[in-house]
Amino acid sequence: MLAVILCGGKSTRMGSDKGLLKLHANTWARTAADKMEQLNVQVVLSVNAAQFKDYAEVFDATQLIIDDAGLDIHGPLAGVLSIHEKYPAEDLFVFACDMPLMDISILEQLFENYQKHLTADAFAFTNEGAPEPLCAIYKATGLAHILELYRKSLLTKHSMKFMLEHINTQLTPLTTEQQKYFRNFNAHAELNGL
């Protein structure tokens, strides 16, 4: 298994790269990577080509996986499938860098679900009925199916939620108390009190 920190967004509403924003002494991307490393999982970061240089100043360049320009996909799915192409046998524990409030207990619960339910292709939480695909585990078999759909032009939407609808997904409802950990931040105005 690989832990994938998704950092490849354009951060247009934030006005600066969210993964390189600071929370206390660390960047959001480093904070996310540190949490995943507590699970003893190898960490890689999904970045776009324009970000590589800046991230290489903070992380080992061997940890950085650039989106495959040959995929006509944008958004998080581009990063996930690019990493799947590079490591086709690995299951991926995907975690977006813009959830700095995430608690390690949530990641541990998801990892336990993955270890218990061997038949599912993906493991995610639901937040008031909607899936949370940017903190989820995707098995290599499910990702291979999605990549095949894409190559056959059958992947009509390129969203992570749409992807979950096309593979066998084990969903766990979040408790009201757990929902706060999934808060993501997209604009500077949302950072007050962080």
Visitor: So, E90 side chain and M1 main chain: donor-acceptor pair closer than 3.5 Å or not?
Guide: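 Yes, E90 side chain to M1 backbone: donor-acceptor pair under 3.5 Å.
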
Visitor: If the condition is ring-ring contact (aromatic ring centres under 6.0 Å, His included), which residues does F162 pass it with, not counting sequence neighbours?
Guide: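 Applying ring-ring contact (aromatic ring centres under 6.0 Å, His included) to F162 gives H166.
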
Visitor: Rounded at 0.5 Å granularity, tell me how far OG1 in T175 sits from OH in Y181.
Guide: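 Here the rounded value is 8.5 Å.
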
Visitor: To the nearest 0.5 angstrom, please state how far the CZ atom of R30 sits from the OH atom of Y55.
Guide: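 OH of Y55 is found 11.5 Å from CZ of R30.
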
Visitor: Indicate yes or no for a side-chain donor-acceptor contact from K139 to the backbone of A120 under 3.5 Å, with no hydrogens or angles considered.
Guide: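 Such a contact is found between K139 side chain and A120 backbone.
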
Visitor: Just how far is it from atom CG of L101 to atom CE of M99, taken to the nearest 0.5 Å?
Guide: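 Between L101 CG and M99 CE, I get 10.5 Å after rounding to 0.5 Å.
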
Visitor: Determine whether the side chains of Q109 and Q178 contain a donor N or O and an acceptor N or O closer than 3.5 Å.
Guide: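 Per modelled atom types, Q109 and Q178 side chains form a pair under 3.5 Å.
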
Visitor: Applying side-chain hydrogen bond (donor to acceptor under 3.5 Å, both in side chains), name anything that partners T156, two or more places apart in sequence or on another chain.
Guide: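 T156 satisfies side-chain hydrogen bond (donor to acceptor under 3.5 Å, both in side chains) with no other residue.
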
Visitor: Which pairs, with at least one residue in residues 159-177 and sequence neighbours excluded, count as a salt bridge (Lys or Arg N to Asp or Glu O under 4.0 Å)?
Guide: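 Every salt bridge (Lys or Arg N to Asp or Glu O under 4.0 Å) pair that includes a residue of residues 159-177, provided the two are not neighbours, is E177-K180.
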
Visitor: How about I65 and S46: do any of their side-chain heavy atoms sit closer than 4.5 Å?
Guide: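 I65 does not reach S46 side chain to side chain.
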
Visitor: What's the spacing between D67 CG and N48 CG if we round to 0.5 Å?
Guide: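 Atom-to-atom, D67:CG and N48:CG are 6.0 Å apart.
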
Visitor: Please name the pair of heavy atoms, one in L71 and one in S82, separated by the smallest distance, quoted to 0.1 Å.
Guide: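 Here L71 and S82 meet closest at CD1-OG, 3.7 Å.
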
Visitor: Residues two or more places apart in sequence or in another chain: which of them pass side-chain hydrogen bond (donor to acceptor under 3.5 Å, both in side chains) with Y87?
Guide: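 With sequence neighbours excluded, Y87 shows a side-chain hydrogen bond (donor to acceptor under 3.5 Å, both in side chains) to no residue whatsoever.
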
Visitor: Over all heavy atoms of both residues, which pair between L164 and P131 is shortest? Give the atoms and the distance, please.
Guide: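 Taking L164 first and P131 second, the nearest heavy atoms are CD1-CB, 3.7 Å.
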
Visitor: Does S159 form a side-chain contact (heavy atoms from CB on, under 4.5 Å) with L77? I'd like the steps, not just the answer.
Guide: CA-CA 6 Å; S159 79; L77 187 58; over 6 Å; no

Visitor: On a heavy-atom basis, which atom in C7 and which in Q51 lie closest, and how many Å separate them?
Guide: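 Nearest pair, atom of C7 first, then Q51: O-NE2, 2.6 Å.
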
Visitor: Which pair of heavy atoms, one from C97 and one from I5, lies closest together, and at what distance?
Guide: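 C97 and I5 have their closest heavy atoms at CB-CG2, 4.0 Å.
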
Visitor: Check whether any side-chain N or O of T169 sits under 3.5 Å from a backbone N or O of F123 as a donor-acceptor pair, and report yes or no.
Guide: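 The answer is no, because no donor-acceptor pair under 3.5 Å joins these two groups.
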
Visitor: Kindly indicate, with the supporting measurements, whether the criterion side-chain contact (heavy atoms from CB on, under 4.5 Å) is fulfilled by V44 and I83.
Guide: CA-CA 9 Å; V44 296; I83 292 173; 4.1 Å; yes

Visitor: Give the minimum heavy-atom separation between T172 and Q170, together with the two atoms involved.
Guide: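 Here T172 and Q170 meet closest at OG1-NE2, 3.4 Å.
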
Visitor: So V43 and D34, side-chain contact (heavy atoms from CB on, under 4.5 Å) or not? Walk me through it.
Guide: CA-CA 9 Å; V43 174; D34 288 349; over 6 Å; no

Visitor: Quick one: ring-ring contact (aromatic ring centres under 6.0 Å, His included) partners of F93, sequence neighbours excluded?
Guide: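 Here no residue qualifies.
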
Visitor: Applying side-chain hydrogen bond (donor to acceptor under 3.5 Å, both in side chains), name anything that partners T176, two or more places apart in sequence or on another chain.
Guide: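 Per chain and number, T176 pairs via side-chain hydrogen bond (donor to acceptor under 3.5 Å, both in side chains) with no residue.
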
Visitor: Identify whether L6 and Y150 are in the same connected component of the hydrophobic contact network (ILVMFWY, side-chain heavy atoms under 4.5 Å).
Guide: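 As far as the 4.5 Å side-chain criterion goes, Y150 and L6 are connected within one cluster.
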
Visitor: Got a sec, which residues hit salt bridge (charged side-chain N to carboxylate O under 4.0 Å, His left out) with K116, two or more places apart in sequence or on another chain?
Guide: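 Salt bridge (charged side-chain N to carboxylate O under 4.0 Å, His left out) list for K116, sorted by chain: empty.
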
Visitor: Applying ring-ring contact (aromatic ring centres under 6.0 Å, His included), name anything that partners F125, two or more places apart in sequence or on another chain.
Guide: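 Result, ring-ring contact (aromatic ring centres under 6.0 Å, His included) vs F125: F182.
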
Visitor: Any side-chain heavy-atom pair from L92 and V80 closer than 4.5 angstrom?
Guide: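 L92 reaches V80 side chain to side chain.
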
Visitor: Under the rule for side-chain hydrogen bond (donor to acceptor under 3.5 Å, both in side chains), what residues qualify as partners of N168, not counting sequence neighbours?
Guide: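 side-chain hydrogen bond (donor to acceptor under 3.5 Å, both in side chains) check on N168 returns nothing, list empty.
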
Visitor: Distance from I137 atom CD1 to D91 atom CG, nearest 0.5 Å?
Guide: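 Here the interatomic distance stands at 8.5 Å.
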
Visitor: Got L20 and V58 here, is their nearest side-chain heavy-atom distance under 4.5 Å?
Guide: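 Contact flag for L20/V58 side chains = yes.
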
Visitor: Any link between V94 and L171 through a network of hydrophobic side chains (Ile, Leu, Val, Met, Phe, Trp, Tyr) touching at under 4.5 Å?
Guide: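 No, because V94 and L171 fall into different hydrophobic clusters, even though each may have its own neighbours under 4.5 Å.
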
Visitor: Can any side-chain N or O of K35 pair as donor or acceptor with the backbone N or O of D103 at less than 3.5 Å?
Guide: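 Not confirmed, K35 side chain does not pair with D103 backbone.
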
Visitor: Run L39 and L107 through side-chain contact (heavy atoms from CB on, under 4.5 Å) and show every step you take.
Guide: CA-CA 8 Å; L39 300 176; L107 304 175; 4.0 Å; yes

Visitor: For residues 146-158, which residue pairs qualify under salt bridge (Lys or Arg N to Asp or Glu O under 4.0 Å), counting only residues two or more places apart or in two chains?
Guide: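 Passing the test, one end in residues 146-158: E85-R151, E148-K152.
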
Visitor: Which pair of non-hydrogen atoms, one from A78 and one from I73, has the smallest distance, and what is that distance?
Guide: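 For A78 and I73, the tightest heavy-atom pair comes out as CB-O, 3.4 Å.
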
Visitor: Going by the rule side-chain contact (heavy atoms from CB on, under 4.5 Å), which residues pair with D60 if we only count those two or more places apart in sequence or in a different chain?
Guide: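 Once residues adjacent in sequence are excluded, the partners of D60 under the side-chain contact (heavy atoms from CB on, under 4.5 Å) criterion are T62, Q63.
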
Visitor: Let me confirm one number: the CH2-CG distance from W28 to D98, rounded to the nearest 0.5 Å.
Guide: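 The CG atom of D98 is 6.5 Å from CH2 of W28, to the nearest 0.5 Å.
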
Visitor: Verify whether one side chain among D121 and T141 offers a donor that lies under 3.5 Å from an acceptor in the other.
Guide: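 Side chains of D121 and T141: pair found under 3.5 Å.
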
Visitor: With sequence neighbours left out, write down each residue that passes side-chain contact (heavy atoms from CB on, under 4.5 Å) with A136, or none if nothing qualifies.
Guide: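 A136 satisfies side-chain contact (heavy atoms from CB on, under 4.5 Å) with A124, Y138 only.
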
